[in-house]
Amino acid sequence: MYAGPVQDLIDEFGRLPGIGPKSAQRIAFHLLKVPTEDASRLARSITEMKERVTFCRRCFNVAEGEECAVCTDPRREAGVLCVVEEPRDVVAVERTSEYRGRYHVLLGAISPIEGIGPDSLKVRELLARLEPEHVSEVILCTNPNIEGEATAMYLARLLRPLGVKVTRIASGLPVGGDLEYADELTLGRALEGRREVEA
Ligand SMILES: [Zn+2]
């Protein structure tokens with residue numbers, strides 16, 4: 001529809017989550033108008049992020065280097081893992097200042113509609129951590145929506161027979177919402193009020 005490079009960029013933006021064809025077009029033409037240095041700065045940020053930041057090899061949080069800031073912090077309590085869906089949820093829990101353990105990021109949630117099963121998530125990697133890290137409690141801190149609950153249920157069934165204490169954050173969070181939108185106080189209380197998951 002447009003000259004090659006413009007259409008290429010529109011196609012690239014169109015592949016990003018939450019960006020439809022209209023927005024993709026608007027962003028591309030916006031970048032066409034801005035000074036070159038502004039566009040270059042954006043391009044550089046993307047390149048730099050891809051070069052310097054990756055996922056922690058232990059917990060799959062974002063990391064500069066092989067392991068993330070939480071995993072390399074000796075003051076964090078070993079043996080307690082807070083399981084979340086995405087790195088942004090780590091940020092949400094950290095904001096509460098209520099949690100001193102470590103994390104495990106699944107990089108998604110179970111969603112049959114989108115064809116995402118446990119094998120697409122970092123579940124095997126979670127199981128592999130239990131023994132070497134002497135994990136005594138796993139806190140299921142997935143989102144309070146259908147996918148998050150399904151994921152928590154699945155993990156609870158998987159983990160309980162392995163002799164590890166499995167807890168779920170308390171209700172009180174807005175149902176159907178995302179953890180990242182919960183305020184620190186509410187999320188902090190939900191963590192504090194976590195309950196052991198029964199069979
Ligand atoms: Zn980590």
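Ligands are counted one by one from 1 in listed order, and the atoms in each one are counted from 1 as well.
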Checklist entry - Leaving waters out, which protein N, O or S atoms fall under 2.8 Å from the Zn ion (ligand 1)? => result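 Counting only protein N, O or S atoms under 2.8 Å from the Zn ion (ligand 1), the list reads Cys56 SG, Cys59 SG, Cys68 SG, Cys71 SG.
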Checklist entry - Rounded to the nearest 0.5 Å, what separation is found between the CZ atom of Arg75 and the CD atom of Glu77? => result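 The CD atom of Glu77 is 14.0 Å from CZ of Arg75, to the nearest 0.5 Å.
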Output side-chain donor-acceptor pairs under 3.5 Å for residues 21-45, partner residues at least two apart or in another chain, one line each.
from  : atom 1 : to    : atom 2 : distance (Å)
Ser40 : OG     : Thr36 : O      : 2.9
Ser45 : OG     : Arg41 : O      : 2.8

Checklist entry - Crowded around Glu64 CD? As in, over 12 foreign heavy atoms under 6.0 Å? => result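 Enclosed.
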Checklist entry - Out of Val105, Leu187, Asn143, Thr142, which one pairs with Asp89 under the side chain to side chain contact (heavy atoms under 4.5 Å, CB included) rule? => result Asn143
Item to check | Inter- and intrachain pairs under salt bridge (charged side-chain N to carboxylate O under 4.0 Å, His left out), touching residues 93-108, at least two apart | outcome: Arg76-Glu94, Arg95-Glu184
Checklist entry - Taking only residues two or more places apart in sequence or in another chain, which ones pass ring-ring contact (aromatic ring centres under 6.0 Å, His included) with Tyr154? => result none
